Protein chains: 2
Amino acid sequence: MNIKEASQKTGVSSAAIRYYEKESLIPAIDRTEVGNRDIDERILRRIRFVTQMRNAGMSIESLRRYIELFDAQEDNTNEQKAILQEQLAVMEEKRDDLQAAIDHLNFKLAHFYDHMASTEAELRALEREHQDKLNDKM
Amino acid sequence: MNIKEASQKTGVSSAAIRYYEKESLIPAIDRTEVGNRDIDERILRRIRFVTQMRNAGMSIESLRRYIELFDAQEDNTNEQKAILQEQLAVMEEKRDDLQAAIDHLNFKLAHFYDHMASTEAELRALEREHQDKLNDKM
DNA sequence: CTAAACCTTCATGTGTACTTCAAGGCAAGA
DNA sequence: TCTTGCCTTGAAGTACACATGAAGGTTTAG
């Protein structure tokens, strides 16, 4: 398929796909006789994977290093493992921050109509309790 | 406390704290007679909250809108609720993407020494299985 | 009284991750 | 043949989130 179709299927712009290829986040894409990209399912999966990682907050640079390790058949293996573990720790912290923020929002929404009905002072007291449990945020 | 101490306590640069104030992510900070910022615990909590949301991947703009709703005593309440719910949905998707990425990494690490011992072909087969279960990533 | 170590505002610079533009090639339909 | 619609590369532009620098003010130590 051509790049436009790949763009439509993945929701990633053509320009971004070219960019990802240039930055080696996806493998080099085969070309037709005239030089146009011919994208297959394998590339589509890679694009979706990159999108997922990007949405999760991973930088292009980290992703490139990660994918390099992934594809490498070399053997600085212990160093590789250390890098993967480091990346994992970063992502877990990010997820936990996100979860705390989600809890925060859910609390707000759960008490939303309370909020509409009650005074600011009452709500602040309620929230203070919540925050004390949640250990000091905002 | 002065801005430098606040910076040290929160791990957020002085410049970033000034920026957050300007962008209304934290309340207007009291000044001393000579015009220096005098930061209290309430502000510190706000800074930490902003940091957490930023780490979780929330943009400055989204955060500002969120905090506005938070602090408002006005009453476009149903619209407000809709916005909070929207924000929540975005964050949950982000968290799920992150979790998928973490699963991916954990799989890699769990099979890391397998990888060292086994051939590429064997590992790819193993991973294909894993991916099939995880429903089509990379 | 002068230097160090804070602070202020305002302006400009920087890195990331793209997006957009310019200039041109190829293939199909009117 | 010419317009439409796709594609190519390379360069330049853009948005966000700060970082850095300039020019100057105040307090504290020597």
Side-chain angles (χ1 to χ4, degrees), chain A residues 1-40 43-44 46-67 87 90-91 94 97 101, chain B residues 1-40 43-44 46-67 87 90-91 94 97 101:
Chain A
M1 81 191 71
N2 66 17
I3 199 169
K4 190 172 201 205
E5 194 180 340
S7 171
Q8 284 159 352
K9 284 194 176 172
T10 59
V12 175
S13 74
S14 298
I17 293 174
R18 293 193 193 97
Y19 175 71
Y20 289 162
E21 188 190 13
K22 197 166 63 174
E23 297 298 322
S24 306
L25 300 189
I26 56 180
I29 302 173
D30 290 342
R31 307 306 173 104
T32 64
E33 294 99 33
V34 301
N36 291 4
R37 286 170 182 80
D38 186 14
I39 295 175
D40 60 17
I43 303 288
L44 280 190
R46 282 276 196 147
I47 293 170
R48 294 198 181 101
F49 174 75
V50 168
T51 304
Q52 193 179 49
M53 295 303 228
R54 296 282 307 117
N55 285 345
M58 206 174 187
S59 73
I60 297 290
E61 176 60 23
S62 295
L63 243 180
R64 196 206 347 265
R65 286 202 310 255
Y66 174 68
I67 287 172
Q87 195 58 245
V90 169
M91 291 170 68
K94 206 171 268 239
D97 279 354
Chain B
M1 81 190 71
N2 65 19
I3 199 170
K4 193 174 199 203
E5 194 180 340
S7 170
Q8 282 160 354
K9 284 194 175 172
T10 59
V12 175
S13 75
S14 299
I17 292 174
R18 293 194 192 95
Y19 175 71
Y20 289 162
E21 188 190 13
K22 198 166 64 175
E23 297 297 321
S24 308
L25 300 189
I26 57 181
I29 302 173
D30 290 342
R31 307 307 172 103
T32 65
E33 294 97 32
V34 302
N36 290 5
R37 284 170 183 81
D38 187 14
I39 296 174
D40 60 18
I43 304 288
L44 280 190
R46 283 276 196 144
I47 294 170
R48 293 199 182 100
F49 173 75
V50 169
T51 304
Q52 193 179 48
M53 296 301 230
R54 295 282 306 116
N55 285 345
M58 207 173 186
S59 73
I60 298 290
E61 175 60 20
S62 295
L63 243 179
R64 197 208 344 267
R65 285 201 312 254
Y66 174 68
I67 287 172
Q87 194 59 245
V90 169
M91 290 170 69
K94 204 173 270 236
D97 279 355

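Within every chain, numbering begins at 1; the chains are lettered A, B, ... in the order of the sequence lines, protein sequences first and strands thereafter. All values reported here derive from a predicted model rather than from experimental measurement.
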Inset, instruction - Tell me whether the OP1 or OP2 atom of C/dT8 has a side-chain N or O from B/Arg37 closer than 4.0 Å. - result: yes
Inset, instruction - Would you kindly compare A/Ile60 and B/Arg18 by the position of their nearest DNA chain C nucleotide and give the one closer to the 5′ end? - result: B/Arg18
Legend entry - Minimum heavy-atom distance B/Val12-B/Ser7, with the two atoms named: O-OG, 2.7 Å
Inset, instruction - Name the residue closer to the 5' end of DNA chain D, choosing between B/Met58 and A/Lys22 according to the nucleotide with the nearest heavy atom. - result: A/Lys22
Inset, instruction - Mind calculating the distance between CD1 (A/Ile39) and C1' (D/dC7) to the nearest angstrom? - result: 12 Å
Legend entry - Reported CE-to-CG distance for the pair B/Met91 and A/Asp97, which is rounded to 0.5 angstrom: 9.5 Å
Inset, instruction - Specify the separation, in whole Å, of atom CD of B/Glu33 and atom C1' of C/dC6. - result: 16 Å
Inset, instruction - Please report, rounded to the nearest Å, how far the P atom of C/dT9 is from the OH atom of B/Tyr19. - result: 16 Å
Inset, instruction - Classify the nucleic acid contact of A/Thr32 as base, sugar-phosphate or nothing, counting any heavy atom under 4.0 Å across all strands shown. - result: nothing
Inset, instruction - To the nearest Å, give me how far apart CZ (B/Arg64) and P (D/dA15) are. - result: 15 Å
Inset, instruction - Provide, to the nearest angstrom, the distance between the CZ atom belonging to A/Arg31 and the P atom belonging to C/dG25. - result: 18 Å
Inset, instruction - For B/Ser14, answer base if it contacts any base atom (sugar-phosphate contacts may also be present), sugar-phosphate if it contacts only those atoms, and nothing otherwise; contact means non-hydrogen atoms under 4.0 Å. - result: nothing
Inset, instruction - Considering only NZ, NE, NH1 and NH2 on the basic side and carboxylate oxygens on the acidic side, decide whether B/Arg31 and B/Glu21 come within less than 4.0 Å. - result: yes
Legend entry - Check: B/Lys94 side chain, B/Gly57 main-chain N or O, donor-acceptor pair, under 3.5 Å: yes
Inset, instruction - Taking only the side-chain nitrogens and oxygens of A/Ser59, find out if one of them lies under 4.0 Å from OP1 or OP2 of C/dT16. - result: no
Inset, instruction - Mind calculating the distance between CD (B/Glu21) and C1' (C/dT8) to the nearest angstrom? - result: 12 Å
Legend entry - Check: A/Glu23 main-chain N/O paired with A/Arg64 side-chain donor or acceptor under 3.5 Å: yes
Legend entry - Contact summary for A/Leu25 and A/Ile67, nearest pair of heavy atoms: O-CD1, 3.2 Å
Inset, instruction - May I ask you to list the residues of residues 1-11 of chain A, by number, that have any heavy atom positioned under 4.0 Å from an atom of DNA chain D? - result: A/Asn2, A/Ile3, A/Lys4
Inset, instruction - Find the distance A/Asp38:CG to D/dC6:C1' and express it as a whole number of Å. - result: 14 Å
Inset, instruction - Starting at OH of A/Tyr66, measure out to OG of A/Ser59 and round the result to the nearest 0.5 Å. - result: 13.5 Å
Inset, instruction - Look at all strands and tell whether A/Ala15 reaches a base, only sugar-phosphate, or nothing, counting heavy atoms closer than 4.0 Å. - result: base
Legend entry - Rounded distance in Å - CD1 (B/Ile17) to P (C/dC7): 10 Å
